[in-house]
**Student:** 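My questions all concern the structure below.
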Amino acid sequence: MAGAGVASPAATDPAPLPALAAQFRVTLSRPGLAPRQQTWQLVRSADLISWLKGPGTEEIWRRDASGIRLARVMRADRHVIDYSAGELRALEVAVDWLALASLFPAARLALLKAVPSPQGQGQGKTQHWVGRIGAEQVDLRWDPVAQLPVRLARSGPSGRVLFERTALQASIPAHWPQPGAGIDDFQRVDAADFGDMDYNPVVRKAQALDQRAGWRRGHAD
């Protein structure tokens with residue numbers, strides 16, 4: 001089930017989006033299991049996208065003239081895994097910058113059906129879209145100004161994930177965790193060195209995350 005921090009087979013036009021900071025309540029429901037809930041935090045600017053997913057995982061994406069790179073912060077393990085633009089290309093990862101920045105890129109609205117709002121309710125503020133994309137049923141309340149969901153429900157054979165926006169700011173508030181805060185003394189590992197570090201349990205954990213995202217199909221054991 002797709003979410004922030006995914007990559008698509010083809011890159012999209014990395015057009016600028018409004019800088020902002022937002023929080024989401026994320027509820028994941030899977031058949032036979034109790035729902036799990038986390039708070040996710042997004043910080044977005046022209047050349048940075050940071051997703052803090054619960055207390056333990058953070059993905060910090062940056063772009064410059066060399067391309068897009070990722071620092072995956074694994075706080076429980078006190079490690080940062082660095083993926084250079086070249087390493088992401090070697091893994092055949094084409095990063096969908098707009099999907100990372102918005103959870104649901106506006107270009108994909110064309111795949112859904114607009115639901116008219118009741119007269120006088122919410123017009124000019126949010127838009128309601130529903131439809132099926134592949135195996136997923138999508139129900140989206142879209143904020144066209146922020147280019148970000150207010151509410152996004154995606155349901156498929158493996159379960160349902162619900163994103164509910166709980167805060168939106170023009171810039172990150174001082175009391176929110178700052179992107180990359182407190183990681184200066186974390187051990188850094190270059191993802192290009194994974195082949196020589198298969199013994200390392202943190203590397204194995206990072207490789208599993210890569211495989212889950214479909215990045216290392218040719219590198220699996």
Side-chain angles (χ1 to χ4, degrees), residues 1-24 26 28 38 40-53 57-73 81-112 127 129-156 158 161-163 165 179 191 206-219:
M1 189 160 299
V6 300
S8 74
T12 58
D13 176 22
L17 296 172
L20 53 77
Q23 283 186 342
F24 291 86
V26 183
L28 179 64
Q38 288 183 332
W40 287 18
Q41 176 182 295
L42 167 66
V43 176
R44 185 176 82 189
S45 63
D47 298 315
L48 178 141
I49 299 167
S50 171
W51 278 102
L52 179 63
K53 302 176 180 180
T57 304
E58 184 176 7
E59 294 178 350
I60 304 172
W61 299 83
R62 300 181 188 273
R63 63 179 180 179
D64 55 26
S66 68
I68 297 172
R69 63 188 187 276
L70 166 66
R72 177 180 281 145
V73 180
I81 312 298
D82 290 309
Y83 299 77
S84 68
E87 177 63 12
L88 290 175
R89 286 192 291 266
L91 292 171
E92 299 182 353
V93 177
V95 180
D96 189 334
W97 185 264
L98 297 184
L100 287 171
S102 60
L103 283 177
F104 193 95
R108 304 191 77 192
L109 294 175
L111 302 175
L112 303 177
Q127 303 165 350
W129 300 82
V130 297
R132 180 170 291 275
I133 299 177
E136 284 190 336
Q137 184 68 33
V138 177
D139 189 321
L140 170 66
R141 291 280 182 177
W142 180 252
D143 179 344
V145 177
Q147 293 285 290
L148 201 64
V150 175
R151 182 182 185 276
L152 171 62
R154 305 180 71 154
S155 304
S158 61
V161 61
L162 173 64
F163 297 89
R165 199 174 75 194
Q207 286 177 317
L209 292 173
D210 291 354
Q211 291 171 14
R212 193 180 307 167
W215 294 4
R216 292 183 181 272
R217 286 186 294 269
H219 300 257

**Student:** What's the spacing between Gln127 CD and Leu140 CG if we round to 0.5 Å?
**Tutor:**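 Result: 8.5 Å between the selected atoms.
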**Student:** Can you name the closest pair of heavy atoms from Ala101 and Leu42 and give their distance?
**Tutor:** O-CD2, 3.7 Å
**Student:** For residues Val95 and Leu88, determine if any side-chain heavy atom of one lies less than 4.5 Å from a side-chain heavy atom of the other.
**Tutor:** yes
**Student:** Classify the ring geometry of Trp51 against Phe24: parallel below 30°, tilted from 30° to 60°, perpendicular beyond 60°.
**Tutor:**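 Answer is tilted, since the angle falls between 30° and 60°.
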**Student:** Test of understanding: with side-chain contact (heavy atoms from CB on, under 4.5 Å), list the residues that count as partners of Asp47, not counting sequence neighbours.
**Tutor:**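 For Asp47 the side-chain contact (heavy atoms from CB on, under 4.5 Å) partners, ignoring immediate neighbours, are Arg63.
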**Student:** Is there a side-chain contact between Thr57 and Gln38, using heavy atoms and a 4.5 Å cut-off?
**Tutor:**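 In short, these two side chains do not touch, never coming nearer than 4.5 Å.
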**Student:** Compare every heavy atom of Ala85 with every heavy atom of Ser66, then report the nearest pair and how far apart it is.
**Tutor:** O-CB, 3.4 Å
**Student:** Of all heavy-atom pairs between Pro179 and Glu58, which one has the smallest distance, and what is that distance?
**Tutor:**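 Closest pair (atom of Pro179, atom of Glu58, distance): CA-OE2, 3.2 Å.
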**Student:** Test your reading of the model: is there a side-chain donor-acceptor pair from Arg44 to the backbone of Leu17, 3.5 Å cut-off?
**Tutor:**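 Flag not set: sc Arg44 to bb Leu17 has no pair under 3.5 Å.
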**Student:** Starting at CG of Asp82, measure out to CD of Glu87 and round the result to the nearest 0.5 Å.
**Tutor:**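 Taking CG in Asp82 and CD in Glu87, the distance rounds to 11.0 Å.
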**Student:** If you compare all heavy atoms of Val93 against all heavy atoms of Trp215, which two are closest, and at what distance to 0.1 Å?
**Tutor:** CG2-CG, 3.5 Å
**Student:** Could you tell me whether Phe163 and Trp40 have their ring centroids closer than 6.0 angstrom?
**Tutor:**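 Here the rings of Trp40 and Phe163 have centres that are less than 6.0 Å from each other.
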**Student:** Is there a salt bridge (Lys or Arg N to Asp or Glu O under 4.0 Å) between Asp96 and Arg108 once you walk through the steps?
**Tutor:** CA-CA 12 Å; Asp96 189 334; Arg108 304 191 77 192; over 6 Å; no
**Student:** Quick one: does Phe104's side chain get under 4.5 Å of Leu148's, heavy atoms only?
**Tutor:**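 Heavy-atom side-chain distance check fails, nothing below 4.5 Å.
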**Student:** Do the side chains of Val130 and Val138 get nearer than 4.5 Å, heavy atoms only?
**Tutor:**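 The answer is no, as the side chains (C-beta and beyond) never meet within the 4.5 Å cut-off.
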**Student:** For a side chain to side chain contact (heavy atoms under 4.5 Å, CB included) with Ser50, tell me which candidate from Leu100, Ile60, Val73 qualifies.
**Tutor:**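 That would be Ile60; it is the only one of Leu100, Ile60, Val73 passing the side chain to side chain contact (heavy atoms under 4.5 Å, CB included) with Ser50.
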**Student:** Is a side-chain donor or acceptor of Gln147 paired with a backbone partner of Pro144 at a separation under 3.5 angstrom?
**Tutor:** yes
**Student:** Using a 4.5 Å cut-off on heavy atoms from C-beta on, say whether the side chain of Leu48 contacts that of Trp61.
**Tutor:**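 No, too far: nothing below the 4.5 Å cut-off.
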**Student:** Find the distance between CD1 (Ile133) and CG (Leu111) and round it off to the nearest 0.5 Å.
**Tutor:**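 Going from the CD1 atom of Ile133 to the CG atom of Leu111 covers 5.0 Å.
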**Student:** Quick one: do Arg151 and Asp143 make a salt bridge, cutoff under 4.0 Å?
**Tutor:** no
**Student:** With heavy-atom distances below 4.5 Å as the criterion, would you say the side chains of Trp142 and Leu109 are in contact?
**Tutor:** yes
**Student:** Can you tell me if Arg69 and Tyr83 form a side-chain donor-acceptor pair at under 3.5 Å?
**Tutor:** no
**Student:** Minimum heavy-atom separation for Ala19 to Ser45, with atom names?
**Tutor:** CB-CA, 4.1 Å
**Student:** I need the Glu59 CD to Ile81 CD1 distance, nearest 0.5 Å.
**Tutor:**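 Glu59 CD to Ile81 CD1: 12.0 Å, rounded to 0.5 Å.
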**Student:** Roughly how far apart are Ser155 OG and Arg132 CZ, rounded to 0.5 Å?
**Tutor:** 9.0 Å
**Student:** Which heavy atom of Leu20 sits nearest a heavy atom of Ala146, and at what distance?
**Tutor:**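 Here Leu20 and Ala146 meet closest at CD2-O, 3.7 Å.
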**Student:** Could you check whether any side-chain N or O of Gln137 sits under 3.5 Å from a backbone N or O of Gly131, counting only pairs where one atom can act as donor and the other as acceptor?
**Tutor:** yes
**Student:** Measure the shortest side-chain to side-chain distance between Val26 and Val161 over non-hydrogen atoms and say whether it is less than 4.5 angstrom.
**Tutor:**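 Answer yes - side chains close enough.
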